[in-house]
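Structure record follows, encoded as structure tokens.
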Amino acid sequence: EEDPLSSSSIVSRFQRYLQINTVQPNPQYYEAADFIISQAKSLSLEYHTVEFVVGKPLVLLKWPGSNPNLPSILLNSHTDVVPFEHHKWTHPPLGAHIDSHGNIYARGSQDMKCVGMQYLEAIRRLKASGFEPVRSVYLSFVPDEEIGGHGGAEKFAESDEFKKLNVAIVLDEGLPSPSENYRAFYGERSPWWLVIKAVGAPGHGAKLYDNAALENLFKSIESVRRFRASQFDLLKAGLKAEGEVVSVNMVSLKAGTPSPTGFVMNLQPSEAEAGFDVRLPPTADPESLERRIAEEWAPVSRNMTFEFKQKESIYDKFGKPALTAIDSSNPWWNLLEEAVRNANGKLGNPEIFPASTDARYFRNQGLPAIGFSPMANTPSLLHDHNEFLNQAEYLKGIEVYESIIKSYASYVGRDNFKDEL
Ligand SMILES: CSCC[C@H](NC=O)C(=O)O
Ligand SMILES: [Zn+2]
Ligand SMILES: [Zn+2]
């Protein structure tokens, strides 16, 4: 039988996990849970499954520490992946094909089945080396991150079950880096999904008149675009990072009078709406943005209305911006930097995650959470066609987690200096 620590068996376990169809909106969660539990058994980890929502299992694993009084470490990953257009891929998205460069192609290879398996492989290596944790290490494999995490991490982070784990620090997903420096995230932007609606006078398609619905909507779209450009300019000029500006992108447009052959071409419709994905940095002023929406993007003077499909607060449950400290008040940050360095890796400056991850639910509880996916020299292909991860980079990431878990699980200093400052 093959050595379970050989590179080829490590890579083939990753391929098996990638081949499980956990594609939204119909993920085969039980198949994924069975696979994770089989890994837990082979590693002699404690395991148990919770269903905060029926049919959506969350698998929790435990590597008990020698001092159960010390707060624990939580390594979180989501098991679901986003859909794909398989004809636009060069290799089947659930095939986990490895090409001649060693690139493993699959949906989830970057987001984030890699990380879930890397945690497990790091533990496999640590166990083989005889390492014993002082703090307990938990691994949560959660459902539904890609559709908002409401049936997974959100309920988990608010549960009594979770409080009993006495977690000190959470690690969750980050983003790949095209350079040799890994990226790490200490906060994220909050999603506001906005729909603005216009009404107006209907009329003949040949007539020029004021106050048509689409004219009213386009005035708003122009205003949104001016704001978008001002934010994008800050980014392009290098004055701000991606996570530090407000992004707003139009994601839907709805208008027109349907006919059997398409749309009626000579009728100006009386209603029109546009949808926007807006993201607010944790340092933004939510009230001023909301004022801008009401006064400039959807003004009553043009009879416009707006609605939020999603509107998340930038604040945690204590009313503070949900940011993880990256100064001396948070020992886990320095430990992470040091552990990555010890594994011959480099960490770039900490960033704000541009989109949303489950880490926000832990930060909302006041816990430190760091977004980190050890993929350097890798183009970011999350949610894109031909998502891949190079196998050498994957194996390197396992060594990085080995170093991090070793450092975190051995740390016996104070968990948080905040209260003493
Ligand atoms: C608001 S829940 C959506 C979460 C999703 N996460 C990853 O892409 C995102 O759009 O950021
Ligand atoms: Zn993800
Ligand atoms: Zn994703």
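For ligands, and for the atoms within them, numbers begin at 1 and follow the listed sequence.
Counting atoms of ligand 1 from 1 in the listed order, those under 4.0 Å from a heavy atom of R279 are 9 (C), 10 (O), 11 (O). In the vicinity of E146, heavy-atom distances shorter than 4.0 Å reach the ligand 1 atoms 7 (C), 8 (O). Proximity to R360 (heavy-atom distance under 4.0 Å) selects the following atoms of ligand 1: 1 (C), 2 (S).
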Decide side-chain hydrogen bond (donor to acceptor under 3.5 Å, both in side chains) for N103 and N390; before the verdict, give the C-alpha distance in whole Å, the side-chain angles of both, and the deciding distance to 0.1 Å.
-> CA-CA 4 Å; N103 295 332; N390 186 272; 2.9 Å; yes

Apply the test side chain to side chain contact (heavy atoms under 4.5 Å, CB included) to residues Y361 and F156: give CA-CA distance (whole Å), side-chain angles for both, the deciding distance (0.1 Å), then the verdict.
-> CA-CA 9 Å; Y361 296 121; F156 178 48; over 6 Å; no

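No other N/O/S atom of E173 lies as close to the Zn ion (ligand 2) as OE1 does. The nearest N/O/S atom of H78 to the Zn ion (ligand 2) is NE2.
Judged by a 6.0 Å distance limit and a 45° cone about the ring axis, K236 is positioned over the six-membered ring of F232.
The Zn ion (ligand 2) lies at 2.8 Å or more from every N, O or S atom belonging to E145. At least one N, O or S atom of D111 sits under 2.8 Å from the Zn ion (ligand 3).
Geometry about the Zn ion (ligand 3) gives an angle of 90° between OE1 of E146 and NE2 of H383, rounded in steps of 10 degrees.
For the pair E145 and ligand 1, the shortest N or O to N or O distance falls below 3.5 Å. Residue S356 places at least one N or O, backbone or side chain, under 3.5 Å from an N or O of ligand 1.
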